[in-house]
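Report on the structure given below.
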Amino acid sequence: MEKNRSIFIDIWDFMKENKAWWLAPIVVMLVLVGVLIVVGQSSTVSPFIYTLF
């Protein structure tokens, strides 16, 4: 394995080689929730995000 490979490239290669395309929606949702958490904690938009839940 190369030193400078991204985790996303590794996951993509794993899904291609093992035909595990069912993992794609899970990975996308985890990334979106992570972005939502970061944005919700560090911006002025956070009160509006909290009203969604």
Item to check | ILVMFWY cluster, Leu30 and Ile11 together (side-chain gap under 4.5 Å) | outcome: yes
Checklist entry - Are Met29 and Val35 connected in a single hydrophobic cluster, I mean Ile/Leu/Val/Met/Phe/Trp/Tyr linked by side-chain heavy atoms less than 4.5 Å apart? => result no
Next on the checklist: I'd like to know if Val28 and Ile26 are part of one continuous hydrophobic network [Ile/Leu/Val/Met/Phe/Trp/Tyr, side-chain heavy atoms within less than 4.5 Å].
Outcome noted: no
Checklist entry - Going hydrophobic residue to hydrophobic residue with side-chain gaps under 4.5 angstrom, can you get from Val27 over to Ile7? => result yes
Checklist entry - What distance separates Trp22 CH2 from Met15 CE, expressed to the nearest 0.5 Å? => result 10.0 Å
Checklist entry - Within a strict 4.5 Å, meaning less than it, do heavy atoms of the Phe14 and Leu23 side chains meet? => result yes
Checklist entry - Nearest 0.5 Å, what's the CD1-CG distance between Ile37 and Leu32? => result 11.5 Å
